[in-house]
Amino acid sequence: MNDKVESQYKPTLNLPDTEFPMRGNLAKREPEMLARWEEIGLYRKIREARAGRDKFILHDGPPYANGNIHIGHAVNKILKDVIIKSQTLSGKDAPYIPGWDCHGLPIELKVEAKVGKVGEKVSASEFRQHCREYAAEQVDGQRNDFKRLMVLGDWENPYLTMDFKFEADIIRTLGKIIDAGHLHKGFKPVNWCSDCGSALAEAEVEYHDKKSVAIDVKFTFPDTQAIAGAFNVDVDKPVSIVIWTTTPWTLPANEAVSVHPELEYSLVLLKEADEVLLLATDLVDDAAQRYGLDADGYEVLGTAKGKAFGQTPDQSEAPFKVKHPFMPGKEGGDKFVPVITGEHVTADSGTGSVHTAPMHGVDDYVVSNVYSVKSDEMLVDSQGNFIANPALEALELTGLSTADKGNFRVLGILNERGALVKKANITHSYPHCWRHKTPIIFRATPQWFISMNQAGLLDQAMDEVENTVEWRPSWGKARIEGMMNDRPDWCISRQRTWGVPIALFVHKETAELHPRTPELIAQVAERVEGAGIDAWFDLDPAELLGDEAGQYDKVVDTLDVWFDSGVTHTAVCMARDELEMPADLYLEGSDQHRGWFQSSLLTSVAAYGKAPYKTALTHGFTVDGQGRKMSKSIGNTVEPQKVINQLGGDILRWWVADTDYSGEMTVSDEILKRNADSYRRVRNTCRFLLANINGFNPATDMVSADELLPLDAWMVSYTERLQEKVIALYHNYDLKTLTKTLMNFCVSELGAFYLDVIKDRQYTCKADSLPRRSAQTALYHVAEAMARWIAPVLSFTAEEIWSALPAPVSGEREESAQLSEWYADFPQIAASEFNDAYWRSVMEAKEAVNGALEKARSEKRIGASLSAEVVLFAADELKAKLDRLGDELRFVLITSGAVVKPLSEEGGEATDLDGLRVAVMASDAEKCERCWHHSETVGSDDRHPTLCGRCVENVEGDGEVRHYA
């Protein structure tokens, strides 16, 4: 039935009408809706409406308060919002408290660029105030962008890690961790960024390919006969053990050479060089090839395991020492270092012998402690330059950067001393600072650590990972286990200005914490809660320690910002009445297995013995249409602000929900345009629903369940069952399947079938007739349900639908779809033969007939489908089903006539549906001016010579009755 009827009978038709516009014009109209939400205090009303209900707590991981939000931020916030809104629709009390991470180096660097460095142009206190103001500005900007994404939350009361109370709770949580015995101070190698001038946590390290110089270096044995004896051979030539390293600059700090106790080593004679090298047997051939030797150029003289010449833990002294290639000894002369054994040594590559510098490597540090191998001093400063040291000055290394000139100078020294066996350039994966993207160094400094083992923290945390937390997707469990297995102690101290202090007093001589540390931490926290972190930095220790103050140092290191965000379980979830700990859900990007998931888990287990979350859900990173990482230099970034201003927030939200977030999320202008097309299909379906319940008053026009026409009864029943699936998909966080389900409903059951079939009776039956009111009743139930189904994702569009729906039977409609719950007023449809399986068979038959009609149209045998009559030759089971429709069959097929005959009779052409042939013919009957059906009854009433009999009944009589067989 065409919507446009230009005749005298047009006023007698029930043509669709709605104020719900075809075009969303989202970019312009969404801000108006947001303003209304704020005007009515929607978030607060939701909280009031759900007060006392079961809670669902999704705890927000804090973005960093620096810079504009990017597409990854948008993905994260939209996913959280969709889940919270769906839980709210399920009747849960689901508060959303957004937060921001406000301390740390990136903000310091921004402020430094504006006001200068601490101590030069501003005091530390003034600098911190500038940092606080800068962070507040960044929060305001990001907050506005997040709100524009239509994310509902307590935006006026977010949590900020720089709030005084939050800073105080960070210190209190540190106190709990100290009480549990997890803190210690150590002089250990840590990840060190020379650009930051500070230690880095594991979460602040990322790996990139790096070009390095790889070298083989000789350490010569002073006693040739002695080492030869360990191999049961006679040797009269110099013997050297060879190490392989990609960090030549660490060689000045070498204190030992490590070998594996059970690995076999060979003494290899280099015939032309007339010297002997000690190499792992499994690597002899590789090394020889690297040195340019053919099979005749070298000879294996003898073999022995590493424990035959390397010191083992049960030995008080090393049986063998080797000469350092160039560093002098303490008393002058040559420096000799021990050969020791360690389980960290492998024969995967290199030479099987490891240069050991305890100041510059965790494994080096650990194995050196076993044998009491110590370094006298750190030879590299915080900027990565060699320090002023007599030995280094003599070698012309002082002041040179380890990143370039210092590295090359070491190569030159090795070459001068004849210790360099081979030099080559390689590309390998190497740790980089995640902020500066520059290679880090390992550098031993006095730092504060949360120990993984001294009080069993790692074992407890791994038990929570294994037995308590649900990981979504399931591979998240293996990912975090892999990252936490054998992880080093967590270095939590930083040498920065803008951060929460490690508020401790340490005895100057014993290095022990003050015996009243728990009490002192409580007192400091109270002061910080009142005045912020300056209360510690400005504190005169005598105020708390009295006469003892002179015996103690006040620690001025700041905490790793991952500690700040990691203790939100205490400072937010346990501190706010509307939240709980553990939270039901933490939801962040997959990189947070290394970051926030882990720091939150460790601090919570350390302080309370349990995980802070019941479920950890992750999403992937965004990539462009070609699968490339987003990069401003490539120019392939998609800015959420631009998308919103051009297409609207609902389009961006639909893309997020419609994308499989468990892996990489592909986005581009073209992909977003396709999502806009999908959105329009949903919107237009909703518009059809609203346009065809125009004038429908549920209180007076609703048709009871037992009076509904079979097709309408099925649609209501199917919608109710589909709602159960929709709710389950939301609760399972399966948004990709959800959007697919919604689209299939709009396109298939509704668009291609139900809405198509009911147009005729919607438009042509009497306005208050049962056939029309029955269809309107079904449409009303569908619209009520659909408005709620899409509300978590298409929040603006759902509000539009909500405001266009007629008042419910109760007479009162909530101010917003977000205040409602899943639709619960479906009528109870009695079981009948017109069930889902029945209508699926009818849909299949209709699709097959559509194909036959399309073929006839292309052959110009018919025009529109209403100009045709069809004969269906159907198999017995299908025929029985179609016969039940009676005269309704022609309306289902949208033809002017439809007859069903047995498949055994001749006629018709085969269709794609087994057991069905169809014959299509042009109708010889006249066309009704009003309904456009061709009928023998046209002209049967002299008063209306251009109308068919049923249209006359609908115009003049009581209205037609639609019959099923």
Side-chain angles (χ1 to χ4, degrees), residues 1-16 688 691-692 709 711 750-766 769 771-772 775 842-874 882 885-901 908-909 911 916-941 944-955 959-964:
M1 180 72 196
N2 196 300
D3 289 354
K4 298 178 181 178
V5 179
E6 301 299 336
S7 77
Q8 61 176 316
Y9 295 107
K10 182 176 181 180
T12 71
L13 295 171
N14 311 305
L15 296 180
F688 185 96
N692 283 281
L709 270 62
L711 178 60
L750 284 178
F753 184 62
Y754 181 73
L755 300 182
D756 207 25
V757 170
I758 65 169
K759 281 182 181 178
D760 180 85
R761 59 183 159 109
Q762 272 291 98
Y763 299 167
T764 66
C765 291
K766 289 185 72 70
S769 66
R772 182 165 183 263
V842 172
M843 279 189 270
E844 290 177 353
K846 177 176 169 58
E847 186 176 355
V849 171
N850 285 345
L853 291 169
E854 183 59 36
K855 183 174 183 294
R857 188 180 296 111
S858 67
E859 294 172 352
K860 303 197 182 301
R861 291 189 284 122
I862 62 168
S865 66
L866 285 176
S867 70
E869 296 179 5
V870 294
V871 179
L872 284 68
F873 299 88
L882 297 177
L885 288 172
D887 189 51
E888 192 69 19
L889 178 60
R890 67 186 178 99
F891 295 108
V892 169
L893 301 178
I894 313 179
T895 58
S896 288
V899 175
V900 185
K901 294 184 178 182
E909 296 182 13
T911 68
L916 180 65
R917 299 194 310 276
V918 176
V920 179
M921 61 219 70
S923 176
D924 293 330
E926 292 292 320
K927 177 182 176 181
C928 174
E929 181 183 356
R930 183 171 179 271
C931 71
W932 293 10
H933 282 250
H934 291 251
S935 173
E936 299 293 341
T937 64
V938 173
S940 59
D941 190 306
H944 303 284
T946 59
L947 299 190
C948 65
R950 74 184 185 96
C951 279
V952 172
E953 179 63 22
N954 285 325
V955 171
E960 68 175 306
V961 177
R962 301 297 280 264
H963 290 288
Y964 285 68

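Note that the structure is predicted; figures quoted are calculated from it, not measured.
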Should Asp760 and Arg950 be marked as a salt bridge (Lys or Arg N to Asp or Glu O under 4.0 Å) after you check the CA-CA gap, both sets of side-chain angles, and the distance that decides it?
CA-CA 12 Å; Asp760 180 85; Arg950 74 184 185 96; 2.8 Å; yes
Applied to residues 919-928, the side-chain hydrogen bond (donor to acceptor under 3.5 Å, both in side chains) test, sequence neighbours excluded, yields Glu869-Ser923
Side chains of Phe753 and Val842, heavy atoms from C-beta outward: is any pair under 4.5 Å? yes
Would Phe688 and Leu750 count as a side chain to side chain contact (heavy atoms under 4.5 Å, CB included) if you check the C-alpha gap in whole Å, the side-chain angles of each, and the deciding distance to 0.1 Å?
CA-CA 10 Å; Phe688 185 96; Leu750 284 178; over 6 Å; no
Heavy-atom nearest pair, Thr895 first then Ala898, reads OG1-CB, 4.1 Å
Side-chain donor/acceptor of Arg772 to backbone N/O of Gln762, under 3.5 Å: yes
dist Lys855:NZ -> Asn850:CG (nearest 0.5 Å) comes out at 15.0 Å
**Item:** Check: Glu960 main-chain N/O paired with Asn954 side-chain donor or acceptor under 3.5 Å
**Value:** yes
Nearest heavy-atom approach of Phe873 to Ala919 is CE1-CB, 4.1 Å
Interatomic distance, CG@Leu709 vs CD1@Ile758, rounded to 0.5 Å, equals 11.0 Å
Next on the checklist: Is the shortest side-chain heavy-atom distance between Ser867 and Trp932 below 4.5 Å?
Outcome noted: no
Here the gap from Ser858 atom OG to Leu853 atom CG, rounded to the nearest 0.5 Å, amounts to 11.0 Å
side-chain contact (heavy atoms from CB on, under 4.5 Å) test vs Leu872 passes for just one of Leu916, Val899, Thr911, namely Leu916
Taking the side chain as C-beta and beyond, is there a heavy-atom pair between Thr937 and Glu953 under 4.5 Å?
no
Any side-chain heavy-atom pair from Cys951 and Cys931 closer than 4.5 angstrom? yes
| Looking at Glu854 and Arg857, does any basic side-chain N land under 4.0 Å from a carboxylate oxygen? | yes
Between Arg930 and His944, is any pair of side-chain heavy atoms under 4.5 Å apart? no
**OP:** Kindly indicate whether the side chain of Phe891, heavy atoms from C-beta on, has any atom under 4.5 Å from the side chain of Arg761.
**Re:** no
Side chains of Asp756 and Lys846, heavy atoms from C-beta outward: is any pair under 4.5 Å?
yes
To the nearest 0.5 Å, atom CG of Leu882 lies from atom CG of Leu893 at 7.5 Å
*asked:* Any heavy-atom pair between the side chains of Leu15 and Leu13 that's under 4.5 Å?
replied: yes
Sorted by chain and number, sequence neighbours left out, salt bridge (charged side-chain N to carboxylate O under 4.0 Å, His left out) with Glu888 holds for Arg962
Could you tell me whether a side-chain N or O of Lys901 sits under 3.5 Å from a main-chain N or O of Val871, the two making a donor and an acceptor? no
In terms of heavy-atom contacts, Ala856 and Val920 come closest through CB-CG1, 3.7 Å
Output for pair (Lys759 NZ, Asn14 CG), nearest 0.5 Å, gives 15.0 Å
